[in-house]
Chemist: 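Attaching a single structure in structure tokens format; questions to follow.
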Amino acid sequence: MDMPDMPVNVPVDDPNADTEWNDILRKKGIIPEKPPSPTPMIKEALEQARQLAHENRLEGKDLDDLDELEDDEDEDFLDSYRQKRMQELATLQNASIYNQVYPLQKSEWSTEVTEASNKAWVLVLLTSSSGTNDESRLMIELWRALAKKFGDIKFCQIRGDLCIEGYPDRNCPTVLVYRDGDVKRQIVTLKELRGDSTGIDDVQKMLLELGALKHGDSRLASQAAKENEPPRRGIQQSARQAADEGDSDFD
């Protein structure tokens, strides 16, 4: 009498172990083939990351920094990178046609903001109508510094209630970011950033996320940002002073 086929329980301690017994079981189809080791892929990824880091080691360095590296880097590589940096600076210089904060009238919105955003990024700051809004005063100060630093981006400013009738001061400052005729980002008050501790770095981060600025832009050097940023101590006092000076520009 033939015995029916019955499953055979084969003892396997570790099906992924490299043992002669496991090799026999794999050949018989009793246990599956061992999955490929991820180690080579991990090593390749790490090597690619190291190579990329090496190739980009000079990103963010200005021409003076490159001159200081002449003894440490290959001369041909430095020369090619220096030429690349000079070309980038020339491109930025040609694109830097704004370099100031533009006061807005509501009637100018279509041409100065919507249409202008087809050529460049346009950021509009809506400020409070009262002189007691410290966040608005802070942003007025930062707006001036940012406009000087990023001349290829158009920075505009208008009182919120003159832009939108009845716009409440509690919603100021409001930042509207335009590109290609559309609003790409809207920030109402500085709660989305860091409140009255908001600085140039915070706005730069937003612009990087939007693509208005590119990683590796030499203007993003942290030291340069610190030099342009208002000091944390007494920041409200310095914002008030900047706002008082700017009020005459927007009367």
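Predicted, not measured: the structure shown is a model, and the values here were computed from it. Residue indices begin at 1 and follow the sequence shown.
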Chemist: Counting only heavy atoms not in Glu209, do more than 12 sit closer than 6.0 Å to its CD atom?
Modeler: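 Buried by this count: over 12 neighbours within 6.0 Å.
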Chemist: Considering non-hydrogen atoms only, spot the tightest contact between Lys149 and Gln204 and give its length.
Modeler: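 Minimum heavy-atom separation between Lys149 and Gln204: NZ-OE1, 2.7 Å.
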Chemist: Are side-chain heavy atoms of Leu213 and Arg219 found at a separation under 4.5 Å?
Modeler: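 SC-SC contact between Leu213 and Arg219 confirmed.
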Chemist: Looking at Glu192 and Gln186, what are the two nearest heavy atoms and their distance?
Modeler: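 Heavy-atom minimum between the residues: OE2-O, 3.8 Å.
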Chemist: To the nearest 0.5 Å, tell me how far Met139 CE sits from Leu146 CG.
Modeler: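 Going from CE on Met139 over to CG on Leu146, the span is 7.0 Å.
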Chemist: Could you give the distance from CG (Leu176) to CG (Leu123), rounded to the nearest 0.5 Å?
Modeler: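 Here the rounded value is 9.0 Å.
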Chemist: Please step through side chain to side chain contact (heavy atoms under 4.5 Å, CB included) for the pair Leu210 and Trp121, ending with a clear verdict.
Modeler: CA-CA 10 Å; Leu210 289 170; Trp121 287 86; 4.1 Å; yes
Chemist: Over all heavy atoms of both residues, which pair between Cys156 and Val122 is shortest? Give the atoms and the distance, please.
Modeler: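 Heavy-atom minimum between the residues: SG-CG1, 4.1 Å.
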Chemist: Are any of the side-chain heavy atoms of Leu162 and Lys106 separated by less than 4.5 Å?
Modeler: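 Of all side-chain heavy-atom pairs linking Lys106 with Leu162, none is under 4.5 Å.
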Chemist: How far apart are the closest heavy atoms of Trp109 and Cys163, and which atoms are they?
Modeler: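 Shortest heavy-atom separation between Trp109 and Cys163 comes out as CZ3-SG, 3.5 Å.
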Chemist: Just do the side chain to side chain contact (heavy atoms under 4.5 Å, CB included) check on Ile158 and Leu126 with the steps written out, would you?
Modeler: CA-CA 5 Å; Ile158 185 173; Leu126 276 59; 4.0 Å; yes
Chemist: Within a reach of under 6.0 Å around NZ of Lys184, are more than 12 heavy atoms found that belong to other residues, nucleotides or ligands?
Modeler: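 Enclosed.
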Chemist: Determine yes or no for a side-chain-to-main-chain donor-acceptor pair under 3.5 angstrom, with Arg159 supplying the side chain and Ser128 the backbone.
Modeler: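 Judged by distance alone, no pair lies under 3.5 Å.
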Chemist: Looking at side-chain heavy atoms only, is the closest gap between Asp196 and Asp134 below 4.5 Å?
Modeler: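 Asp196 does not reach Asp134 side chain to side chain.
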Chemist: Can you tell me how far the CG atom of Leu138 sits from the OG1 atom of Thr127, to the nearest 0.5 Å?
Modeler: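 Answer rounded to 0.5 Å: 13.0 Å.
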Chemist: Do the non-hydrogen side-chain atoms of Lys119 and Lys154 ever get within less than 4.5 Å of each other?
Modeler: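 Side-chain contact under 4.5 Å: no.
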Chemist: Would you compute the distance between atom OH of Tyr178 and atom OG1 of Thr114 and round it to the nearest 0.5 angstrom?
Modeler: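 Here the interatomic distance stands at 5.0 Å.
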Chemist: Could you tell me which non-hydrogen atom of Asp169 sits nearest to which non-hydrogen atom of Asn133, and how far apart they are?
Modeler: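 Closest approach of Asp169 to Asn133: O-ND2, 3.3 Å.
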Chemist: Using a 4.5 Å cut-off on heavy atoms from C-beta on, say whether the side chain of Leu220 contacts that of Phe150.
Modeler: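 Yes, at least one pair of side-chain atoms sits under 4.5 Å.
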Chemist: Please report the closest heavy-atom contact between Leu190 and Glu135, naming both atoms and the distance.
Modeler: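 The answer is N-OE1, 3.1 Å.
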Chemist: Distance from Ile153 atom CD1 to Arg179 atom CZ, nearest 0.5 Å?
Modeler: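 If we round to the nearest 0.5 Å, Ile153:CD1 and Arg179:CZ are 9.5 Å apart.
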Chemist: Drop me the distance from Ser117's OG to Asp182's CG, to the nearest 0.5 angstrom.
Modeler: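 Ser117 atom OG to Asp182 atom CG measures 7.5 Å (nearest 0.5 Å).
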